Structure formats: C-alpha cells, structure tokens
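These numbers were taken from a predicted model, which means no experiment stands behind them.
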Amino acid sequence: MMQLAGTMKTMTRLYEQAGQVAAEAVENMRTVSSLCIERLFLKKYAASLKRPSQKFKKQAHLTGISMGLAEAVIFFTYAAVFTYGNYLMNLPEGHSGKLTFTQLMK
C-alpha cells in the first residue's frame with residue numbers, strides 16, 4: 001500500500017506539470033491565438049501527458065495482476081477445502097473419518 005501512495009504522489013506531480021502547460025495556454029489565450037500557436041501548446045500538453053499516462057498504465061497492470069492473484073488464492077483455498085470435504089464424504093462405510101454432509105458443513 002505504501003508503494004501505491006508513493007506512486008500517487010509521483011503521478012500527481014507529473015499531472016501538475018501537464019496542468020501548468022494548460023494553465024499557461026488559458027491564461028495567455030489572447031497571445032496564443034494572435035500568434036496562432038494553439039497547436040504548439042496542444043503538442044506540449046500531449047507530450048507532458050505521455051509520461052504519466054505510460055507510468056500509470058504500467059502501475060495499473062501491476063496492481064490488477066497482484067489483486068487478481070490475491071483473490072485467486074482465496075478461491076483456490078475454497079476449492080481445496082471442498083475437494084477434501086468431498087474426499088471425506090466418499091470414504092467407505094465404517095471408516096472412522098467418514099462424514100455426512102451435515103457434519104461437513106458444521
């Protein structure tokens with residue numbers, strides 16, 4: 001979780017840089033439009049968003065994989081427990097470890 005907090009601080013800083021480019025264009029709107037450099041600011045803004053977007057995409061994939069594996073462990077454990085319960089229910093009659101369904105669910 002601490003890694004996620006550090007990543008979010010970095011992402012915030014990177015997005016602030018992109019926001020500064022946009023703010024500069026909006027604050028100087030008349031100058032930008034009179035010099036016809038809207039495309040220049042658009043390219044600068046897109047370039048400033050490229051790095052955080054790539055970094056965030058990588059972090060999102062890693063987070064998704066790790067959370068998916070964590071959930072999978074829980075369901076694999078359920079599967080193992082129910083498989084073992086099935087084994088105990090299917091033991092031959094008279095075996096000391098044989099369980100009925102109600103005994104298994106207690």
Side-chain angles (χ1 to χ4, degrees):
M1 204 59 159
M2 293 299 288
Q3 181 185 9
L4 188 61
T7 302
M8 292 310 292
K9 285 182 183 178
T10 304
M11 296 304 296
T12 303
R13 184 177 46 80
L14 291 172
Y15 279 123
E16 281 178 4
Q17 291 172 354
Q20 288 174 354
V21 172
E24 181 183 354
V26 170
E27 286 174 2
N28 301 312
M29 191 181 320
R30 288 185 180 173
T31 306
V32 169
S33 65
S34 67
L35 296 175
C36 299
I37 53 175
E38 294 95 346
R39 292 206 187 273
L40 173 70
F41 274 96
L42 182 62
K43 287 179 184 176
K44 283 174 72 175
Y45 183 66
S48 64
L49 283 179
K50 186 173 270 190
R51 185 168 172 229
S53 134
Q54 289 172 343
K55 196 168 188 135
F56 185 68
K57 196 180 292 186
K58 181 180 178 183
Q59 183 65 33
H61 284 109
L62 291 175
T63 303
I65 288 170
S66 63
M67 294 198 59
L69 287 174
E71 289 291 322
V73 167
I74 294 169
F75 286 108
F76 290 146
T77 304
Y78 282 148
V81 168
F82 280 111
T83 302
Y84 183 65
N86 182 35
Y87 168 76
L88 292 176
M89 287 176 57
N90 289 326
L91 286 174
E93 293 293 329
H95 193 279
S96 63
K98 182 161 177 66
L99 295 175
T100 62
F101 182 74
T102 54
Q103 290 171 331
L104 181 67
M105 288 298 154
K106 282 186 181 181

Atom [atom1] of [X] and atom [atom2] of [Y]: how far apart are they, to the nearest 0.5 Å?
| X | Y | atom1 | atom2 | answer |
| --- | --- | --- | --- | --- |
| Leu49 | Phe56 | CG | CZ | 13.0 Å |
| Lys50 | Tyr45 | NZ | OH | 14.5 Å |
| Leu69 | Phe76 | CG | CZ | 8.5 Å |
| Met105 | Thr100 | CE | OG1 | 10.5 Å |
| Gln54 | Lys58 | CD | NZ | 10.5 Å |
| Ile37 | Thr31 | CD1 | OG1 | 8.0 Å |

Closest non-hydrogen atom pair between Gln103 and Leu99, with its separation: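 For Gln103 versus Leu99, the nearest heavy atoms are OE1-CA, 3.3 Å.
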
Residues Glu16, Thr12; criterion side chain to side chain contact (heavy atoms under 4.5 Å, CB included); working and verdict: CA-CA 6 Å; Glu16 281 178 4; Thr12 303; 3.7 Å; yes

Any donor-acceptor pair under 3.5 Å from Asn28 side chain to Glu24 backbone: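 Such a contact is found between Asn28 side chain and Glu24 backbone.
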
Test item: Lys98 side-chain N/O and Glu93 main-chain N/O as donor-acceptor pair under 3.5 Å: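 It does not hold such a pair.
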
Within 6.0 Å of CZ in Arg39, more than 12 heavy atoms from elsewhere: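 Count not over threshold, so no.
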
Same hydrophobic cluster for [X] and [Y], using side-chain heavy-atom links shorter than 4.5 Å among ILVMFWY?
| X | Y | answer |
| --- | --- | --- |
| Leu42 | Leu40 | no |
| Tyr87 | Phe82 | yes |
| Ile65 | Ile74 | no |
| Leu91 | Phe101 | yes |
| Phe41 | Leu35 | yes |

Aromatic ring pairing Tyr78/Phe75, orientation class (parallel under 30°, perpendicular over 60°, tilted between):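 Rings of Tyr78 and Phe75: perpendicular, over 60°.
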
